[in-house]
Amino acid sequence: MIRPATHSDITRIEEINPFSGNRAVEIDEARLTVIDSAGSVAGFVVESRNGLLGRPYIEYLAVGKEYRRRGLALALLKAIEAKHSGKRLFISTESSNSAMLRLLERSAYIQSGSISNANVSGADELYFFKQLT
């Protein structure tokens, strides 16, 4: 089940959260959506407050290790796409994130640019978009 996150989800969200920042603020701002599996948060997606150049932008997408390879990231991605029909949706990932790169390719996202030397890991940040119908 895909639903808006609540503060009661925060402990589980933090267990699977690989990103910096405060997810509680995103819950307060209704920008964090979770996917629930058997009563437990299995993954989440966060939409950017201001988007990217005024267009919707997915800031974070994560699925717990024990829930990967089950289509949950795709389901979260599709849920956000459904909210923004008719718009161009943006997302980014590190060049070393092969699982995310495969998901974006299978989901018909088009690479639109990159930023070098932005990540602590040294990986380029790759930007993608999809024109939603």
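None of these values were measured; they are calculated from a predicted model.
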[X] side-chain N/O to [Y] backbone N/O, donor-acceptor pair under 3.5 Å:
X: K130; Y: R88; result: no
X: R68; Y: V63; result: yes
X: N17; Y: F19; result: yes
X: S121; Y: A123; result: yes
X: N119; Y: G122; result: no
X: S95; Y: D124; result: yes

Practice prompt. Name the orientation class of the two ring planes belonging to F129 and F90 (parallel below 30°, tilted from 30 to 60°, perpendicular beyond 60°).
Written response: tilted
Got a second to check how far [X]'s [atom1] is from [Y]'s [atom2], nearest 0.5 Å?
X: I10; Y: S8; atom1: CD1; atom2: OG; value: 10.0 Å
X: L77; Y: E81; atom1: CG; atom2: CD; value: 4.5 Å
X: D28; Y: N22; atom1: CG; atom2: CG; value: 8.5 Å
X: F44; Y: R31; atom1: CZ; atom2: CZ; value: 12.0 Å
X: Y67; Y: S37; atom1: OH; atom2: OG; value: 5.0 Å
X: L101; Y: S96; atom1: CG; atom2: OG; value: 8.0 Å

Fill in: Stepwise side-chain hydrogen bond (donor to acceptor under 3.5 Å, both in side chains) check, Y57 with S92
CA-CA 9 Å; Y57 176 69; S92 69; 2.6 Å; yes
Discussion item. Surrounding CD of E105 (heavy atoms of other residues, nucleotides or ligands, distance under 6.0 Å), is the total greater than 12?
Written reply: no
Worksheet item: Would you find more than 12 non-hydrogen atoms of other residues, nucleotides or ligands less than 6.0 Å from R69 atom CZ?
Response: no
Taking the side chain as C-beta and beyond, is there a heavy-atom pair between [X] and [Y] under 4.5 Å?
X: I58; Y: L89; value: yes
X: T33; Y: V46; value: no
X: Y60; Y: E26; value: yes
X: V34; Y: L32; value: yes
X: I35; Y: V41; value: no
X: S107; Y: L74; value: yes
X: L126; Y: L104; value: no

Is a salt bridge present between [X] and [Y], judged by a nitrogen-to-oxygen distance below 4.0 Å?
X: R23; Y: E29; value: no
X: D36; Y: R12; value: no
X: E59; Y: R49; value: no
X: E47; Y: K83; value: yes

I'd like to know if [Y] and [X] are part of one continuous hydrophobic network [Ile/Leu/Val/Met/Phe/Trp/Tyr, side-chain heavy atoms within less than 4.5 Å].
X: I110; Y: M100; value: no
X: L132; Y: I91; value: yes
X: I13; Y: I80; value: no
X: Y127; Y: L103; value: no

Discussion item. Quick check: closest heavy atoms across I16 and G64, and the distance to 0.1 Å?
Written reply: CG2-CA, 3.5 Å
Discussion item. With side-chain hydrogen bond (donor to acceptor under 3.5 Å, both in side chains) as the criterion, how do N97 and E94 come out once you've worked through the C-alpha distance, each side chain's angles and the decisive distance to 0.1 Å?
Written reply: CA-CA 5 Å; N97 189 340; E94 290 188 8; over 6 Å; no
